[in-house]
Amino acid sequence: MTSNNQILFEQSQQLIPGGVNSPVRAFRSVGGTPVFFKKGLGSKLWDVDGKEYLDYINSWGPMILGHAHPDVVASVQAAAANSLSFGAPTGLELEMAALIHKLVPSMEQVRLNSSGTEATMSAIRTARGFTGRDKIIKFEGCYHGHSDGLLVKAGSGLLTFGEPDSGGVPASVAAHTITLEYNNSQQLTDIFKQMGDEIACVIIEPVVGNMNLIVPHLEFLTTLRSLCTHYGAVLIFDEVMTGFRVALGGAQALYNIQPDMTTLGKVIGGGLPVGAFGGRKDIMQCLAPVGKVYQAGTLSGNPVAVSAGLTTLKLVQAEGFYERLTAQTQKLMDGLVQAAKSAHVTFSAQSVGGMFGLYFRADCPTSYAEMMQSDRPAFNRFFHSMLESGVYLGPSAFEAGFVSAAHTDSDIAYTIEAAHQAFATVKAG
Ligand SMILES: *Cc1c(COP(=O)(O)O)cnc(C)c1O
């Protein structure tokens, strides 16, 4: 029997490239038919065939309270009734800026926009305007949205410049981006010695969530901080994923390192499109209409989106919120590691706050090269067995996972139970 999922996917492919509006949704990495959803509530989702799932993607991070949280829904409805958009300032934007500054104090000034991609693109332009320099540094395996200068991979040697990592990106744009290895302090130090006074900024995911989960070495982050200070380069923490996810104050609070600029997205919109960038006041004062760096948006600071975000950020401030989220996520990791062990499957796992990484290799990777050494066919068998049991994980061996505050003890127990069966499937090959 053809399922509604299959019918929708076939029809979507006729009208939408690959049938999806963002590539990873297409299940290309794991194979099979992507799930088309129609409803979510708390930790659960229902697809168009009525099958129920436990959700460990949470829209790639934003749904930290779970789906359709009644307070978030009510605030969206109330805001919508007062008009969906003004294209003019509102008090809600001030409230949001004040709350961001309170929770992430390094963001002395803030500008709101509508996505993480916009936030990183605009932060880099601001850093270039502030320093008067062109070159930027990023790290292999980190994702900072899909603007041209960030879809770049390393050139063939350390001191060569980047090459486009996507069709449609001019080599001349990629040439300004230098891509280095994550957690490699020596490489970073060498490049700064070579051309430190040409570098406008370094952008980094302070905990990486876009090549599965990679945890930073504290020594790497402190080296990065002092090099940027010494050479006058702007340090940008891209906390689009980690902000309000690994801790209330983001990764910068967790590791106690202050960046010059921070980008936010995902949780800050609670499921609606909100991005933000901000940082030192002297840098942010470069932005139009005060300064010369242009940046704008018709729907920036949209009242409905900001209301969803504000309500979300109010709720995550509850006493013990992150302690519980962290403990719940860790409990899931412990259970999965135990289940793999009893099935004799090579596996490791770790989490930071409410985000986690599962690896089909013996130990947790610390770089892109190590991450690439995980057993992809094993992950794919695991993924499909879990999906069959109604556990919805990221459809790629290279994506991080997310737990929400709505995940209950019995949700976690069910997931571990399903994993026992899935690891047996992996072992059977
Ligand atoms: C998701 C993500 C982005 C891009 O955000 P979009 O809202 O998808 O444009 C940028 N940086 C990081 C670290 C992300 O995880």
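Start at 1 and go down the list; that is how both ligands and their atoms are numbered.
- Given atom 3 (C) of ligand 1, the protein heavy atom at minimum distance is V240 CG1, 3.7 Å.
- Neither the backbone nor the side chain of E239 has a heavy atom within less than 4.0 Å of ligand 1.
- Residues K266 and R245 are not in side-chain contact: their nearest non-hydrogen atoms beyond the backbone lie 4.5 Å or more apart.
- Under 4.0 Å from ligand 1, not a single heavy atom of T263 appears.
- Atom 8 (O) of ligand 1 is not flagged as protein-proximal [any protein heavy atom, distance under 4.0 Å].
- Taking the six-membered ring for Trp and thresholds of 30 and 60 degrees, F220 and F139 have ring planes more than 60 degrees apart, a perpendicular arrangement.
- The two residues A422 and M386 have their closest heavy-atom pair at CB-SD, 3.7 Å.
- Considering only non-hydrogen protein atoms, atom 15 (O) of ligand 1 sits nearest to K266 NZ, 2.6 Å.
- In terms of heavy atoms, Q295 sits closest to S122 at CG-OG, 3.3 Å.
- Of all heavy-atom pairs spanning V267 and G61, the tightest one is CG2-O, 3.5 Å.
- Backbone and side-chain nitrogen or oxygen atoms of D238 are examined, and one is located within less than 3.5 angstrom of a nitrogen or oxygen of ligand 1.
- Residue T120 has no N or O atom closer than 3.5 Å to an N or O atom of ligand 1.
- Every N/O-N/O distance between H144 and ligand 1 stays at or above 3.5 Å.
- Polar contact check, G116 against ligand 1: a nitrogen or oxygen pair lies under 3.5 Å apart.
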